[in-house]
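As the structure is a computational prediction, the values presented were derived from the model and not from experiment.
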Amino acid sequence: MIRRLPCPPAPGPLEAYAARFDDLLSTLAQRRGFREYLAGLLLPRGRNKTLTCLAGTEPVVGAQHPSVHRLQFFLSESTWDHERVNARRMELLLADPATAPHAGGVLVIDDSGDRKDGKATAHIGRQWLGRLGKTDNGIVTVTTCWADENLYYPLHAVPYSPGHHFPKGRSDPGFRTKLQIAAELARTAKATGVAFRAVAADCAYGDQDSFRRQLSEAGLPFVMALKPSHGTWAYGKDAYTPADAARALTWTDPEHPGDWTAIERTFRDGHTETWWAADAHLGWWGPDGNVRLIVATADPATLPAKATWYLATDLPRPGGPREADSPEPAAGLHEVVRIYGIRHWIEQNYKQVKDELGWADFQVRSDTAIRRHQTLVTCAFSFCWDAWFSPPPEVSPGTAPPEPPEEPGRPARGGPTRPHQPHTASWPKAIRAVRAWLDPWTSLQRCWRAWTNAPPPPELQALINAVGAGHPLDLYSLA
């Protein structure tokens with residue numbers, strides 16, 4: 001048996017995380033590329049995270065640097081399997097008690113559209129891009145995310161290919177709509193062992209009868225939004241849209257709510273708001289039908305557009321005739337509103353992945369390279385949670401940060417020693433904590449090597465060793 005060549009270690013806790021994927025990466029170049037790519041994604045965003053940015057070289061003129069070529073080969077030509085890497089990432093999330101999904105969480109389905117130029121890139125086409133709010137040339141990726149009130153992380157992602165990429169267009173056997181991709185991803189999440197209360201999605205999916213039917217056939221409960229104007233068949237003057245059904249509910253004032261029930265919503269910052277929710281009737285939808293229509297709003301009298309939700313769910317009503325035979329626990333109005341409220345985490349998730357980790361910054365054309373980039377971005381995202389919930393690194397004589405000499409009349413520098421991270425999950429704080437040691441480690445070495453090939457002086461080397469071991473730098477004094 002041939003012994004593997006040792007790989008240059010990544011700094012701090014990133015090495016321990018990357019080492020868990022080493023058995024999926026067959027060569028030294030792959031293991032090195034995996035570490036360098038993750039480190040580049042995690043560094044602060046000075047510009048688009050193209051390969052030159054990830055490798056730390058200048059744009060355009062640095063494109064021929066060997067480090068850029070290594071990352072290009074790792075992303076586009078190497079032989080590693082991105083699906084196996086994502087499966088390992090999922091295994092780590094499910095095995096960690098701090099991030100393991102539970103039955104109270106929500107499986108959120110959505111799609112992310114990003115503008116891209118050209119016509120030769122895989123999956124590209126003129127289509128609706130939600131991020132821009134218009135139709136433009138770009139790539140759309142259907143994703144699933146697990147979330148509860150405190151924690152969230154991406155699960156799977158599959159780019160959508162418009163019909164013109166197939167020989168027979170949309171009638172080609174290989175073509176799949178976004179709805180078909182989303183339903184398959186939901187089934188994949190369940191088969192992987194991800195526990196969740198229900199599938200949540202916005203009206204782009206909730207308005208589609210075929211999508212709701214696919215989830216029901218797979219045994220996946222759902223809570224999804226509807227457009228206020230989503231029409232259905234009705235008799236005479238009966239409600240024709242969800243907005244009509246909401247206006248048919250009786251309401252006088254908070255002391256005489258009629259059909260409405262007060263719901264207290266608690267937000268992440270701790271503040272609460274009183275909303276109102278009610279079961280409504282729309283065609284064959286009703287409190288005891290196979291699908292319930294639930295309206296939630298901040299003001300039943302005016303039904304403000306930006307503070308009113310029209311929700312379709314197949315979860316049974318507590319005390320209703322469907323409760324006894326349903327495989328899923330009954331869900332009252334408060335539970336349904338809670339489930340859909342968690343869906344908004346996906347918007348925050350997308351914003352952070354795009355803005356901080358460069359989800360859409362790839363400059364590659366092939367389907368494999370695009371999916372690999374997206375997989376590596378989700379690995380970087382998950383590593384932040386791994387580092388956040390892990391105990392702080394132990395201080396050893398070789399990695400302790402050097403103490404600056406005290407000067408008379410000056411306050412203490414560096415602020416107080418940080419305790420272990422609190423239990424409250426915060427991904428923005430998690431990535432800042434990672435950058436507190438990763439950014440100094442990278443910057444110090446790059447600057448020193450650009451100046452001289454001589455070894456750093458002992459004091460500087462001690463600082464590099466300290467941040468390389470995962471000890472953050474407190475740049476701002478709290479004195």
Item to check | CG/Asn290: more than 12 non-hydrogen atoms of other groups inside 6.0 Å | outcome: no
Item to check | Aromatic plane relationship, Trp427 with Phe381 - under 30° parallel, 30 to 60° tilted, over 60° perpendicular | outcome: parallel
Checklist entry - Under 3.5 Å, is there a donor-acceptor pair between the side chain of Ser326 and the main chain of Glu328? => result yes
Checklist entry - Is there a donor-acceptor contact under 3.5 Å from the side chain of Ser171 to the main chain of Lys168? => result yes
Checklist entry - Under the side chain to side chain donor-acceptor pair (under 3.5 Å) test, which residues partner Arg343, sequence neighbours left out? => result Tyr340
Item to check | Any donor-acceptor N/O pair, Arg197 side chain to Pro329 backbone, under 3.5 Å | outcome: yes
Checklist entry - Has Gln363 got more than 12 heavy atoms of other residues, nucleotides or ligands less than 6.0 Å from its CD? => result no
Next on the checklist: Determine whether the aromatic ring centres of residues Trp451 and Trp448 are separated by less than 6.0 angstrom.
Outcome noted: yes
Checklist entry - If you round to the nearest 0.5 Å, how far is OG1 of Thr144 from CG of Asp111? => result 12.5 Å
Checklist entry - In Å and rounded to the nearest 0.5 Å, what is the CG to CG distance from Leu179 to Leu215? => result 9.5 Å
Item to check | Check: His471 ring centroid to Trp441 ring centroid under 6.0 Å | outcome: no
Checklist entry - Taking it one step at a time, do Tyr160 and Gln127 satisfy side chain to side chain contact (heavy atoms under 4.5 Å, CB included)? => result CA-CA 10 Å; Tyr160 162 74; Gln127 51 195 320; 3.3 Å; yes
Checklist entry - Can you tell me how far the CD atom of Gln214 sits from the CG atom of Asp209, to the nearest 0.5 Å? => result 11.5 Å
Item to check | Stepwise side chain to side chain contact (heavy atoms under 4.5 Å, CB included) check, Val295 with Leu311 | outcome: CA-CA 6 Å; Val295 183; Leu311 307 176; over 6 Å; no
Checklist entry - Parallel, tilted or perpendicular: which fits the ring planes of Phe74 and Tyr37, with parallel below 30° and perpendicular above 60°? => result tilted
